[in-house]
Amino acid sequence: MAEHGMADDVEGPISNPLDQSEPLEAGSADNTTKTANPQAEILPGDSAITKAEKVERHGDTSTGDVSADFEHPAPKRRRLEQEPGSTAAGETEERPTRQKGVTPIRKEFLVSISRAAEHDHDEDAAEASGKTAQPHTVGGRGGKKKTPGGQNHNRQFGRSRDEIQLCMSRAKVDEFATSSCQFGEKCKYEHNIRKYLKDGKRADLDTFGSICPVWEVKGKCSAGWRCRFAGSHSKEVEREDGRKELVLVEKEKSDEQTNREDELEEEGVGVVNVISNAVKISLRKKHIETGRSDQYLKWMNEHNQDPTNGRVRPEPKAVPGLVDDEGIPINVNKSKGDPSGVHDNRAGYVEPPFRASEKRRIYYGPETPVLAPLTTQGNLPFRRLCVSLGAQVTWSEMAMGLPLLGGEKGEWALIKAHESETAPPAYSPKTPVLDYNRSRDSKFGVQIAANKPWLALKTTEILTTLCPQIRAIDLNCGCPIDLVCRQGAGSALLDSNAKLEKTLRGMNAVSGETPITVKIRMGTKDKHPTSEKLVQRLVIGGPEAQEHGEDPCGVAAITLHGRSKQQRYSRSADWQYIADCASLVKKLKSERSNITDTAREPDARDLPASSFSGTGEGLPYFCGNGDILSHVDYNAHLQDTGIDACMIARGALIKPWIFEEIAQNQYLDKSASERLGYIEQFARNGLEYWGSDEIGVGTTRRFLLEWLSFSCRYVPIGILDELPPKFGDRPPAFKGRSELETLLSSGDYRDWIKISEMFLGPAHKDFQFQPKHKSNSYEIEAEG
Ligand SMILES: Cc1cc2nc3c(=O)[nH]c(=O)nc-3n(C[C@H](O)[C@H](O)[C@H](O)COP(=O)(O)O)c2cc1C
């Protein structure tokens, strides 16, 4: 669902935050004591010192007011090749019994309850699905009862706007340029650049070395005078007549560079899947045709399938006494497709109007950890950060079909991807995957939500036509939000298996070479899992399809989140159930030849764009999802359940370097300065994407705060008494190994604002923030 949009985006070099460290030691409160763990390996640090590191060393926040005593730098990365359950502090220490549900924090880092209470202040959240914010009372951990639900609704973010707004016709020109404002005298915006700079906007930011991050990468800044770093790309020059003019400065570039940038100016450098305003307007006016969907839907309509819900219409009743030549009862057919009104049951099925095109193959394997679709949180700057840390597959936030078809700007913004997401995922399978062409695969897929086959088909056709480089289109069948489910989308589809199958088959038919995937939960009702049956239907086709000799719906991958809709995030994800489904998929594969009609050889175009065995038989990849917080969880699930790949959601929000841990197969005890380095990287990504003017800075701040509402839940592994960290555990009040580390663990959104100010300067006076998910409750309501 669209939560943001706008702004041209530019690409730039990603500084490696790992280059900001110094060699320190693991598991100690200061850097003078060596770890007792003989397996702990201290990895060498690097020399580059960024703002993040300066802050940790000197408390120099420039614009923030974070307190300055950071004399205990945090330990560096360490290698802990430990089995789950072994101690982080050292093998020789006496191991306390791990208390269920409590994060095992070393006692020297525990603090009194008063500090915990300080963290809890922000618990006056709102009722879950109501549209009106209501007071929400929460006790301390294990304290009073909460009202149900986990979200603040109707959140306000204030407005980050200039005091006086500069007319767009003046934003990117030099002071003496003649005005091209079409509104002339009537224009309500400021045209005097000098006046605007003096009275209309806040002082330039002194973060990022006072250099505009957009200009630094792109050579020019599309915010022009409105940029919060305008001083870094402007100057005053004296003209021949002695007059002084304010001019914007562009970096010198070769002609080739300039040409390329002019070409990309409209689209935003480094961003793909950008749809022009003209196309969005055409969509709004319904001027863009969806011929394939129309044809397919017509067929559905004429041949017994209701395109509003995909159900096979009930067979008409037999007319008593009326039989054909062979004595078979004749039914009265009321469908439009049979004007005679007389219909033979046996001839009821007609082949679809066209076959699905042959699909681009995708790949999933242990080496492709997947970043889950994450509404609000999985924005482009965050995904870009995760890709830089090793995420191999990324998904857009869930985009709603209807606003996409209506050309809504905010929804189309969700489809944009960073160019780093267009690179293919890692690929090192034990046996090569038949017909897989890595150079044609990419990391980024788009997730959509739709409640009706027609909506899903048309959305798919439009998306694949306008953005052919999307890796795959995923249909969300897990979203538990009432607003979505009441309309029959999200996890409501789990209760309409036939409709879901038909929808997916239709999407596959109209998506050209783009593969279709699906993300499901275990079912809608708690303790009544139904997705095993659904998985079977998706892999081999449901009874209706089998009866008519139809091919399976052709999904390239199924991802199962091991929880029900009703369960939301309570209790752990059920990995046993995921394993059962994974083994069913395997079994179906081996039995497939018996199940499918042996008379018909499956056509390659009907086979999923997925894993192929040596015999060339296709089968969807099967991915598991739920509660992965470390490489240990990741490896264990891959090993024990027979899934092809793991999808990670909250684990990546809490510690985006989980992808790096997976690649290196080791815990990484990130120092507070390294963590701050990721925040800096996000801020940089955000300014490049949303822009460096007051609005762009405000948007970057808002989404940074959204992320910090999750990242504050990270408990540094260096202060843990026992590994692995677990999702169900809640930490008692603790302090970090440095003031910065303590600050990064704060659940108080005012501290998040302080952190944001280190990179984005003081928040605008009208900026507001209310966390979406209750900050310390460890319970969330999310869209999948
Ligand atoms: C903030 C948030 C937003 C989410 N948005 C989506 C979404 O847009 N689409 C979706 O399929 N799942 C969404 N989910 C669900 C996750 O993709 C994932 O299935 C779920 O969180 C379980 O994985 P985890 O235990 O690794 O967090 C969201 C989850 C969270 C926490």
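As the structure lists them, so they are numbered: ligands from 1, and atoms in each ligand from 1. Positions are given from 1, in the same order as the sequence printed here. Keep in mind that this is a model prediction, so the values were computed, not measured.
You'll find the ring centres of W395 and F444 outside the 6.0 Å limit.
Between S511 and K359, the side chains place a donor N or O and an acceptor N or O closer than 3.5 Å (distance only, hydrogens not considered).
At least one N or O atom of T375 sits closer than 3.5 Å to an N or O atom of ligand 1. When only interatomic distances are considered, the shortest N/O to N/O separation between I648 and ligand 1 does not fall below 3.5 Å. At under 3.5 Å, a nitrogen or oxygen of A649, whether backbone or side chain, sits near a nitrogen or oxygen of ligand 1.
Residues E421 and K443 are not paired through a salt bridge, judged by the lack of any N-O separation under 4.0 Å between the basic side chain and the carboxylate. Salt-bridge formation is not detected for the pair D729/R713: no Lys NZ or Arg NE/NH1/NH2 atom is positioned less than 4.0 Å from an Asp or Glu carboxylate oxygen.
Using a 4.0 Å cutoff on heavy atoms, G626 counts as a contact of ligand 1.
Taking every non-hydrogen atom of A372 and a distance limit under 4.0 Å, the qualifying atoms of ligand 1 come out as 17 (O). Remark: ligand 1 atoms within the under-4.0 Å shell around heavy atoms of Q377 are 1 (C). Heavy-atom contacts of K519 reach the following atoms of ligand 1: 10 (C), 11 (O), 12 (N), 15 (C), 16 (C), 17 (O), 18 (C), 19 (O) (cutoff under 4.0 Å). The ligand atoms of ligand 1 that sit less than 4.0 angstrom from a heavy atom of R650 are 24 (P), 25 (O), 26 (O), 27 (O), 31 (C). For ligand 1, the atoms lying closer than 4.0 Å to a non-hydrogen atom of D627 are 24 (P), 25 (O), 26 (O).
Not counting sequence neighbours, the partners of P424 by the side-chain contact (heavy atoms from CB on, under 4.5 Å) test are R438.
Neither the backbone nor the side chain of F727 comes within contact range of ligand 1; no heavy atom lies under 4.0 Å.
Taking CG of L504 as the start and CG of L493 as the end, the distance is 8.5 Å to the nearest 0.5 Å.
Judged as a ring pair (Phe, Tyr, Trp, His ring centres under 6.0 Å), the pairs with a partner in residues 635-657 (not counting sequence neighbours) are, in order, W575-H637, W657-Y678, W657-Y714.
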